Amino acid sequence: MATKICNFDFYTVSTSDKSEIAKAFASEAAIRKTGGVNNVPVFDFYARVRQVKHENKLWVGYVEKINTLDEAHIGDLGGKRETLASNDDQGPIFDTVFLYNPINNVLVLHRTRSGMGTTAFAKYLGKLVGDDDLELELVIDPDALKRLGKINMVKSIDYKISKPSNFKFLNNKNGSFNADLALAKLFQGENIKVTVGGPDLKKENVLEKVKHLLKFQDSISKLEVKGEANGEPDTIDLIQNRIVHTKRYSVSKNKKVTEVMLMDEIVVGYNKNKINLDRLYINNKIDKD
């Protein structure tokens with residue numbers, strides 16, 4: 001029996017008016033109720049809500065990514081191959097399941113290689129609410145944030161950037177990060193390792209840099225802060241310490257993981273982390289002990 005591992009990542013939404021997000025999902029739900037779709041151009045593809053529902057104060061659904069520039073193919077293990085979506089208004093579809101809680105502004109996304117990553121989903125959501133500056137900020141485990149807060153001397157930040165296959169999302173406001181990516185592109189490298197260190201690193205500047213880098217989870221595979229807390233060395237990998245929910249599905253013959261199953265599981269994952277999420281974003285409190 002095969003096993004499929006599905007991961008769900010947690011974010012907060014940085015936007016000028018958070019109330020617009022729930023309004024946008026309500027509008028998409030109304031469009032779907034009439035049988036319509038809202039095709040939104042995002043980079044070189046279109047995105048649209050296929051299903052969204054509002055239950056127990058949560059918006060849960062999935063967004064389709066449709067690329068009309070490519071053909072779609074299906075096949076089987078016997079060698080059969082069939083080409084689909086050959087018309088100009090057709091293309092392969094890949095789904096991304098999401099959950100949004102307007103009370104604490106937490107967004108959960110199913111991590112998928114073929115669907116929409118963090119940058120693409122942020123761009124899509126920004127278009128729905130009319131905010132080009134909308135960003136998704138990764139949620140870090142409260143225990144890691146406590147450790148980070150206790151560091152009284154920062155020695156260095158180490159991060160590793162994997163070169164994205166599509167540079168179209170880059171824009172001028174992400175200056176320092178773009179420079180790192182441009183260097184990787186110049187040397188045709190698959191990744192670049194950056195270390196920022198020195199005796200005069202200011203903790204507040206380090207925290208600001210960390211917050212900036214966490215917006216690029218799609219491209220960053222490592223983000224370590226090294227320093228000392230009460231005279232003892234400490235290293236915190238903030239990418240490894242993000243909040244993630246993982247579900248392992250046992251997939252038997254004639255059974256596949258469906259969007260409905262993922263929508264059910266994303267609610268389970270959210271509820272498992274609800275106490276920590278409310279602690280961070282409603283009570284705005286991280287215990288010091």
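All heavy atoms count here, side chains included; hydrogens, waters and symmetry mates do not. Note that the structure is a prediction, hence the values are computed from the model and not measured. FYI, the numbering just counts along the sequence from 1.
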*Rounded to the nearest 0.5 Å, what's the gap from CG on Leu223 to CG on Leu238? Could you check?*
5.0 Å
*Any side-chain heavy atom of Thr68 sitting closer than 4.5 Å to one from Asp88?*
no
_Taking the side chain as everything from C-beta on, heavy atoms only, tell me whether Val108 gets closer than 4.5 Å to Phe98._
no
_Would you say that Leu262 contacts Cys6 through its side chain, given a criterion of any heavy-atom pair below 4.5 Å between the two side chains?_
yes
*asked:* For a quick test of reading the model, state the closest non-hydrogen atom pair linking Phe45 to Ile66 and the distance between them.
replied: CB-O, 3.4 Å
_Test: ring-ring contact (aromatic ring centres under 6.0 Å, His included). Region: residues 221-258. Which pairs qualify, not counting sequence neighbours?_
Phe8-His245
*Where do Leu277 and Ile243 land on the side chain to side chain contact (heavy atoms under 4.5 Å, CB included) test, with the steps shown first?*
CA-CA 9 Å; Leu277 294 170; Ile243 293 182; 4.2 Å; yes
*So Asn105 and Tyr281, side chain to side chain donor-acceptor pair (under 3.5 Å) or not? Walk me through it.*
CA-CA 8 Å; Asn105 191 39; Tyr281 301 114; over 6 Å; no
*asked:* If you compare all heavy atoms of Lys18 against all heavy atoms of Val13, which two are closest, and at what distance to 0.1 Å?
replied: CE-O, 3.7 Å
*Is Val257 close to Val251 at the side-chain level, that is, under 4.5 Å between some pair of heavy atoms?*
yes
*Should Ile239 and Leu148 be counted in the same cluster of Ile, Leu, Val, Met, Phe, Trp and Tyr side chains packed under 4.5 Å apart?*
yes
*asked:* Keeping Gln90 on the side-chain end and Asn87 on the backbone end, is there a donor-acceptor pair under 3.5 Å?
replied: yes
_Distance (rounded to the nearest 0.5 Å) between Thr12 OG1 and Asn104 CG_ = 9.5 Å
*Hey, quick one: are Leu145 and Val106 part of the same hydrophobic cluster, counting side-chain heavy atoms closer than 4.5 Å, chains of contacts allowed?*
yes
*Could you tell me whether the side chain of Asp237 and the main chain of Gln240 form a donor-acceptor pair under 3.5 Å?*
yes
*Quick one: do Asp95 and Lys65 satisfy salt bridge (charged side-chain N to carboxylate O under 4.0 Å, His left out)? Show the steps, please.*
CA-CA 6 Å; Asp95 300 324; Lys65 169 186 173 182; over 6 Å; no
*Is a side-chain N or O of Lys155 found less than 3.5 angstrom from the main chain of Glu228, in a donor-acceptor match?*
no
*Lys150 side, atom NZ; Asn152 side, atom CG - distance, nearest 0.5 Å*: 11.5 Å
*At what distance, to the nearest 0.5 angstrom, does CG of Asp9 lie from NE2 of His110?*
9.5 Å
*Grab the two heavy atoms, one from Pro92 and one from Asp70, that are nearest each other, plus how far apart they are.*
CD-O, 3.2 Å
_Using the rule that Ile, Leu, Val, Met, Phe, Trp and Tyr join whenever any side-chain heavy atoms are under 4.5 Å apart, tell me whether Phe121 and Leu58 fall into a single cluster._
yes
*Asp131 and Ser16: which non-hydrogen atoms are nearest, and at how many Å?*
OD2-N, 3.2 Å
*Look at the side chain of Thr258 and the backbone N and O of Met261, then say whether any donor-acceptor pair between them is shorter than 3.5 Å.*
yes
*Gap between atom CG of Leu134 and atom CD1 of Ile21 - 0.5 Å precision*: 6.0 Å
*For the hydrophobic clusters of this structure (ILVMFWY residues joined by side-chain heavy atoms under 4.5 Å, transitively), does one cluster hold both Val97 and Val267?*
yes
*State, with a plain yes or no, whether a side-chain heavy atom of Phe10 is found less than 4.5 Å away from one of Asn273.*
yes
_ILVMFWY cluster, Val52 and Val40 together (side-chain gap under 4.5 Å)_ = yes
_CA sep, side-chain torsions, deciding dist, call: Tyr124, Val63, side chain to side chain contact (heavy atoms under 4.5 Å, CB included)_ = CA-CA 10 Å; Tyr124 168 66; Val63 174; 3.8 Å; yes
*I would like to know whether Arg50 and Glu259 meet side chain to side chain contact (heavy atoms under 4.5 Å, CB included); could you show each step before the answer?*
CA-CA 10 Å; Arg50 171 56 60 179; Glu259 286 72 24; over 6 Å; no
*asked:* Taking Ala29's backbone N and O only, do any of them form a donor-acceptor pair with Arg32's side chain (distance below 3.5 Å, no angle check)?
replied: no
*Please tell me if the side chains of Lys226 and Val154 come closer than 4.5 Å, counting only heavy atoms from C-beta onward.*
no
*asked:* Applying side chain to side chain contact (heavy atoms under 4.5 Å, CB included) to Asn67 and Tyr46, what does each step give before you reach the verdict?
replied: CA-CA 6 Å; Asn67 186 353; Tyr46 291 90; over 6 Å; no
*Run the numbers on Glu28 and Asn38 for side chain to side chain donor-acceptor pair (under 3.5 Å), then give the verdict.*
CA-CA 7 Å; Glu28 292 299 309; Asn38 180 22; 2.8 Å; yes
*Got Arg248 and Thr246 here, is their nearest side-chain heavy-atom distance under 4.5 Å?*
yes
*Quick one: closest heavy-atom pair of Ala22 and Tyr100, and the distance?*
N-CE2, 4.4 Å
*Would you find more than 12 non-hydrogen atoms of other residues, nucleotides or ligands less than 6.0 Å from Asn56 atom CG?*
no
*Under the 3.5 angstrom rule, does the side chain of Thr96 hit a backbone N or O of Met116 as a donor-acceptor pair?*
yes
_Using 0.5 Å steps for rounding, measure from the CD1 atom of Ile5 to the OG1 atom of Thr3._
7.0 Å
*Start with the C-alpha distance between Arg147 and Asp143, add both sets of side-chain angles, then the distance that settles salt bridge (charged side-chain N to carboxylate O under 4.0 Å, His left out), and finish with yes or no.*
CA-CA 6 Å; Arg147 288 171 58 197; Asp143 291 335; over 6 Å; no
_Heavy-atom side-chain contact between Ser14 and Asp133 under 4.5 Å_ = no
*asked:* Could you report the tightest heavy-atom contact between Ile140 and Leu280, atom names first, then the distance?
replied: O-CD1, 3.9 Å
*Parallel, tilted or perpendicular: which fits the ring planes of Trp59 and Phe25, with parallel below 30° and perpendicular above 60°?*
tilted
